[in-house]
4 protein chains.
Amino acid sequence: MSTNERRKKEIKEMKQEIIEAAVQLFLSDGYENVSMRKIAKKIQYSPTAIYNYFASKEEILKQLLMNGYSIFLNSLKEGVAKSEEDALSRLKASLNAYIHFGLSHPDYYRLIFIENLHLLQKIIIDEDDRTKGFQLLTELVAEAMNEGVLKKNEVQLVSQSLWASLHGITALLITFPDFGWSDFDGLIRFQVEAMIKGVS
Amino acid sequence: MSTNERRKKEIKEMKQEIIEAAVQLFLSDGYENVSMRKIAKKIQYSPTAIYNYFASKEEILKQLLMNGYSIFLNSLKEGVAKSEEDALSRLKASLNAYIHFGLSHPDYYRLIFIENLHLLQKIIIDEDDRTKGFQLLTELVAEAMNEGVLKKNEVQLVSQSLWASLHGITALLITFPDFGWSDFDGLIRFQVEAMIKGVS
Amino acid sequence: MSTNERRKKEIKEMKQEIIEAAVQLFLSDGYENVSMRKIAKKIQYSPTAIYNYFASKEEILKQLLMNGYSIFLNSLKEGVAKSEEDALSRLKASLNAYIHFGLSHPDYYRLIFIENLHLLQKIIIDEDDRTKGFQLLTELVAEAMNEGVLKKNEVQLVSQSLWASLHGITALLITFPDFGWSDFDGLIRFQVEAMIKGVS
Amino acid sequence: MSTNERRKKEIKEMKQEIIEAAVQLFLSDGYENVSMRKIAKKIQYSPTAIYNYFASKEEILKQLLMNGYSIFLNSLKEGVAKSEEDALSRLKASLNAYIHFGLSHPDYYRLIFIENLHLLQKIIIDEDDRTKGFQLLTELVAEAMNEGVLKKNEVQLVSQSLWASLHGITALLITFPDFGWSDFDGLIRFQVEAMIKGVS
DNA sequence: CATGAATGAGTGTTCATTCAT
DNA sequence: TATGAATGAACACTCATTCAT
């Protein structure tokens, strides 16, 4: 590994370290309350050091969001890829993958789907990135309708309804983890079945 | 009315004025960006005056939350009361009332169900208040099962699933109002029908 | 004196105190290096206290400039008023008053006539205020020409030349007080005489 | 050219590049707002690279000042050299050269004669350098007196008065370029004539 | 010779809050 | 009850400079 490569890797690592700290703080303190100082303290650096890696606080959040989108999309795709059988299985797999992403990365899920609003007024993200996940869902729904395993209906309408139910279970579990949920896994299974049945 | 009573009423009015200003600012500026100064400016008082009515910023938010719960519960109850026929109608009415509350009071809905987490770490709210709405839903579900219009099943499980789907559609519409939703009302109707069908 | 009047006066005093500190610091540290913190330290207040009296740093400087203009104009007028005899005396009196203002208020003189440039790009001051002094000079020159004690010539040209020579002696004495000037007062007298002779 | 000599030249070139960038920035952004970062950016080097050529920001400014003095003196000398006839012509030539220097190098003029004060508190410059220009003027004045074209008088007094008037016209034109000056060139000619007449 | 990393001090400003009146 | 004055902490960010490489 050349010195150059070494350095490059270190930069990446440092950037990652910063982002990870930012994500964690975001989760615990709320987006607006994460300050450069706090991030710096968490990684044991001076506040100014961060500016060697990110031009501004906004830049950190931008990168952080893009990370989230990337993980989100990959999670969905991987989930679908694993079950290549029939259209319905693939659709179910995507629904489960969505929920699973949320529960595995609650911080990113919040960032992307829950606290989104005020962020996006300032930070312009490639719109495609945000909707690619939904597009994937739409395709799977259309596929399932074509194969006759889902009642023919307006694809958009059905997809949006499914997204809504997905978001509901994911967001609630993340936001109120201490609510007396009757068996996490059972609830999720039930919800997915109910969703499919509801639009069948 | 005694002087004492009179004063009490004035205090209430002032408190209400403060809270209303806070809610509006919360809606327009985002929760974290609402400051005592801004609230005070909005109601044309000095920042310090507010401290005569609320001990701290937190106290305002607490009261504000309680107001929200109150409106939420009343909305649900009113929705149900209007349709006193059969259990299924009553259940559907409650589902619609829930969504309607969210869309009519997006600020309160966000406060109670979306941005909840960080607030609750500091502000301890009577847990009952938060769950009364869910209890109402549970009762209606049980009722519907008893009347045979809903498949007998674990009441808790079904109720939680329904809440999730309710929250999903409501939160998404609030958080992403500019997403290309296919006909707001149509989507809501579809979602409610799918929810019922899903758990039937 | 009513409480109100008392308070008003205190506010004025505090404002004055702030401005005086600012002027002094400006003189010793240079305009760009005067910070709110330094001003605050000088008057033994917290940096934030200043914001109760001035909305911003710019606001302080604006006020400070306006003070300077006011003193400048008054100095000129007073100087002229004292010698009401003939036009030439009045003109000479104004020239002496100009220099005297500069030497009595070197800080303000610098602010208005020396370091002006970058300030005024941001702070917009009523243009009239800046040029009233020059207008007064112009009037006195015209008067002197009319009375025949000054050679008829372009009033603007002569006035501008006189202003230049006035500024030169004033600015040099302020900027280089330790240069080996041959007798301050003698030099000033000589300069004024030379100026008059030069345009006669 | 030996390697050593070569290196020396490269160092000089780099130093010159830095100084030129600094001068330009000083002119456009104002002296206090020129930072090492900005200088480095302008010449496409890293901020730290500069420290190989100048020990500090102050050092740059010192060199910059010395450059200015050098140009100033040369300008004066050249101006005088061109008109070698009689003493009065030579004196006038020097006056015009002074003003011309100021208008051709407003940035240097400001540095040397206008904003001088605060710099000099920190940067100690060989006093001779600063006063050589004035000495030249003094010599020309003495010469003119000796030749009888200027009234015999205290050489110092007359020279200082002349310098003042020179500085006045130059500084005003630089500091207030947008003031409604009645024909730049005409004003300068008038001023020089008035100055000579004033001390004749 | 040149650079990226890092830092402590400093910038103007906002904030929630306390206190005397 | 209401307010103006005041403050310490915090904010994002810039700066001149040092150091190891």
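To find a chain, count down the sequence lines: A is the first, B the second, and so on, and within it residues start at 1.
Pairs engaging residues 37-48 of chain A under the salt bridge (charged side-chain N to carboxylate O under 4.0 Å, His left out) rule: A:Asp29-A:Lys38 [sequence neighbours left out].
In this structure, CD1 of C:Ile50 is placed 13 Å from P of E:dT14, rounded to the nearest angstrom. Put simply, CD on B:Glu58 is 12 Å from C1' on E:dA16, counting in whole angstrom units. The distance between atom CG of B:Asp29 and atom C1' of E:dT14, rounded to the nearest whole Å, is 14 Å. Put simply, CD on D:Glu59 is 10 Å from P on F:dT17, counting in whole angstrom units. Atom CG in B:Leu25 sits about 16 Å away from atom P in E:dT14, given to the nearest Å. One can place CG of A:Asn33 at 10 Å from P of F:dA12, the figure rounded to the nearest angstrom. Following rounding to the nearest Å, C:Lys15 (NZ) and F:dG4 (P) show an atom-to-atom distance of 14 Å.
Counting heavy atoms from C-beta on, the side chains of B:Ile60 and B:Val34 never come closer than 4.5 Å. At least one side-chain heavy atom of C:Arg110 sits under 4.5 Å from a side-chain heavy atom of C:Phe26.
Take A:Glu20 and apply the side chain to side chain contact (heavy atoms under 4.5 Å, CB included) test, not counting sequence neighbours, and it matches A:Gln16. Partners of A:Tyr108 by side chain to side chain donor-acceptor pair (under 3.5 Å), not counting sequence neighbours: none found. With sequence neighbours left out, B:Ser56 forms a side chain to side chain contact (heavy atoms under 4.5 Å, CB included) with B:Glu58, B:Glu59. Take D:Tyr45 and apply the side chain to side chain contact (heavy atoms under 4.5 Å, CB included) test, not counting sequence neighbours, and it matches D:Met14, D:Ile43, D:Ala49. Not counting sequence neighbours, B:Ser35 has no partner by the side chain to side chain donor-acceptor pair (under 3.5 Å) test. Take B:Asp107 and apply the side chain to side chain donor-acceptor pair (under 3.5 Å) test, not counting sequence neighbours, and it matches no residue.
Closest approach to the A:Tyr51 side chain among F:dC13, F:dT1, E:dT3 is made by F:dC13 (side chain taken as heavy atoms from C-beta onward). For C:Thr48, whose side chain is taken as the heavy atoms from C-beta onward, the closest listed nucleotide among E:dC15, F:dA6, F:dA2 is E:dC15. Closest to the B:Lys57 side chain, of the nucleotides E:dA16, E:dA5, F:dA5, is E:dA16. Taking every side-chain heavy atom of B:Asn52 into account, F:dT3 is the closest of E:dT7, F:dT3, F:dT7.
A:Phe54 comes within 4.0 angstrom of nothing in the nucleic acid, heavy atoms only.
Residues from residues 34-44 of chain C lying near DNA chain E, meaning a heavy-atom separation below 4.0 Å, are C:Val34, C:Ser35, C:Met36, C:Arg37, C:Lys38 in numerical order.
With the nearest nucleotide of DNA chain E identified for both C:Pro47 and A:Pro47, A:Pro47 has the one nearer the 5' end. Nearest-nucleotide mapping onto DNA chain F: of A:Ser56 and B:Tyr53, the residue sitting toward the 5' end is B:Tyr53.
For the helix from E:dA2-F:dT21 to E:dT21-F:dA2, the end axes, each set by the C1' atoms of five terminal pairs, are bent relative to each other by 20° (nearest 10°).
OP1 or OP2 of F:dA6 lies within a sub-4.0 Å distance of a side-chain N or O belonging to C:Tyr45.
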Apply the test side chain to side chain contact (heavy atoms under 4.5 Å, CB included) to residues B:Thr175 and A:Ile114: give CA-CA distance (whole Å), side-chain angles for both, the deciding distance (0.1 Å), then the verdict.
-> CA-CA 7 Å; B:Thr175 308; A:Ile114 299 182; over 6 Å; no
